[in-house]
Number of protein chains: 2
Amino acid sequence: MAASLKNRKESTKNRIIEAAKALFADQGYTKTTIADISRQAGLSEAALYEYFQGKEDLLLTIPDLWVCDLIEDLERQLFGIKGAVNRLRKYLWWYCRRVEESPLDAKIVYLFLKTNANFMQTEVYSNVKVLYGYLLEIFEEGRRTKELRPDLDPRIARNIFIGTMEHIITLWLLRDRAYSLFENLEETFDLMVGAFTRGAETPRGGPAKGPDIH
Amino acid sequence: MAASLKNRKESTKNRIIEAAKALFADQGYTKTTIADISRQAGLSEAALYEYFQGKEDLLLTIPDLWVCDLIEDLERQLFGIKGAVNRLRKYLWWYCRRVEESPLDAKIVYLFLKTNANFMQTEVYSNVKVLYGYLLEIFEEGRRTKELRPDLDPRIARNIFIGTMEHIITLWLLRDRAYSLFENLEETFDLMVGAFTRGAETPRGGPAKGPDIH
DNA sequence: AGTATATCCGAATGATATTCGGAAAGTATT
DNA sequence: AATACTTTCCGAATATCATTCGGATATACT
């Protein structure tokens, strides 16, 4: 039957991916050999090439799957949440949770992907852009509704937001996830949002004006 | 004479480093071969091993030299600058300038270093910590003098500052330095500092109170 | 059963990092 | 200047690893 055939193929492919994911995340891309991966996946090195074009293809497949799943999930998660600040908060908490749930994927994305010389030309990159593109919309919207300061440059705000987010995630990964990613997340978020809302009409904590500069 | 001997050795070593730096930055670590490097440096592959233990050692040497030089320079640059905000500003502008001056070093640090499985155990890492450690002191000092908000957590502030800084640098490197790193730097800095000073006694732009929350 | 197709593997192949043994060049000592 | 010593270098192995080839084995379909 075609279905079970497809399933068998998919299941082997998954075994290879899981093996590669674990090994890449543990030893890094360079130190992991095809022999390692195929042994872990329970087939020969030659057979692996029936499923993937090569080592680099295998590396890129892992984050590709993850990021596609993230995009799929993101819209659903933000659905129905009103207000730029609320949406930003949801975005950050959602992303951190996804990272905590899939640390191996995250490690590969954050530590081994940019390394690749032509990361920019890759499918993954354009998907990451989609993922981060949502933030631009949120900042735009917040500016229009005056929830955020009207002179806020969305791209700059996004740089701060993503930069901070990626930094705390990278630190957490490099330190072997020895603590919770959510430690201090509240304070970090408040500090950032404070920068985005200052001078807006309804900052967090109730209506209040920013500093007057007469 | 011992001096000229040392010089000859150093000069060859430098030729190798410069060749490796250019090639790594251009093609990435994996795609660059020892044959490439030694050809570019004008000696045999075997001779290269008289100067470096191997390819990885060569990779790590490059950022090591750069970061040591940065540490050496940083103290000098901050010397005599008063006030947390002024010191933060100097830090950011100084670092961006150094990155713009040595884009190859920066590319290797930001794109190829963290990928190394044991980056955390490396000499470079502890030096980067020194470099970033200065920021903690600046935030501490600013909090004590009330120039920054008294409830500011230095580590969180540093995460935002470094995260943002590294992000705009990484973007700039990935986009092949097609624009100036200083574009929007002013606005980015102001936005961040706004978050750090809100509620402090003397925010930028003159004395003013943060929002009252009665 | 028989044929086609998918899946697999042992054994080459080729590229590349690293080592070995010794040559060539330079330096110091007499 | 000749000798001994040290540094610097390289051609030729060696070892590791990614990838390919040719064919074997299992599975699906008629």
- Item | Whole-Å gap separating P (D:dC10) and CG (B:L48) | 11 Å
- With heavy atoms under 4.0 Å as the rule, sort B:T32 into base, sugar-phosphate or nothing. sugar-phosphate
- Starting from C1' on D:dT16, measure out to CD on A:E45 and report it in whole angstrom. 11 Å
- Does a side-chain N-to-carboxylate-O contact under 4.0 Å join B:E141 and B:R144? no
- Query: Do the charged groups of B:E183 and A:R155 touch, with an N to O distance under 4.0 Å?
  - Reply: no
- Task: Take atom OH of B:Y29 and atom C1' of C:dA17, then tell me their distance rounded to the nearest Å.
- Result: 9 Å
- Query: Cation-pi between B:R89 and B:W93: NZ/CZ under 6.0 Å from ring centre and within 45° of the ring axis?
  - Reply: yes
- Protein-nucleotide distance (B:I16, atom CD1; D:dC10, atom P), rounded to Å: 10 Å
- Nearest-neighbour nucleotide for the A:E50 side chain, C:dT19, C:dC8, D:dC9 considered: C:dC8
- Query: Please give, in whole Å, the distance from D:dA18 P to A:E56 CD?
  - Reply: 13 Å
- Taking the side chain of B:L43 as heavy atoms from C-beta outward, which of C:dC9, C:dC20, D:dC9 is closest to it? D:dC9
- Aromatic ring proximity B:F112/B:Y29, centre distance under 6.0 Å: no
- Message: Please tell me if B:Y51 has a side-chain N or O lying less than 4.0 Å from either OP1 or OP2 of D:dC9.
- Response: yes
- Message: From CZ of A:R39 over to C1' of D:dC17, roughly how many Å is that when rounded to an integer?
- Response: 12 Å
- Task: Mind jotting down which residue pairs meet the salt bridge (charged side-chain N to carboxylate O under 4.0 Å, His left out) criterion with at least one end in residues 50-65 of chain A? Sequence neighbours excluded, please.
- Result: A:E56-B:K31
- Message: In whole Å, I'd like the distance from the CD atom of A:Q27 to the C1' atom of D:dC17.
- Response: 14 Å
- How long is the line joining CD1 of B:I37 and C1' of C:dT16, in whole Å? 12 Å
- Query: With respect to the side chain of B:A46, which nucleotide from D:dT20, C:dA17, C:dT19 is positioned closest?
  - Reply: C:dT19
- Message: Let's see if you can work this out: which of D:dC17, C:dC8, D:dT20 has an atom nearest to the side-chain heavy atoms of A:A47?
- Response: C:dC8
- Of the candidates D:dC10, C:dC8, C:dT18, the side chain of B:S44 sits closest to D:dC10
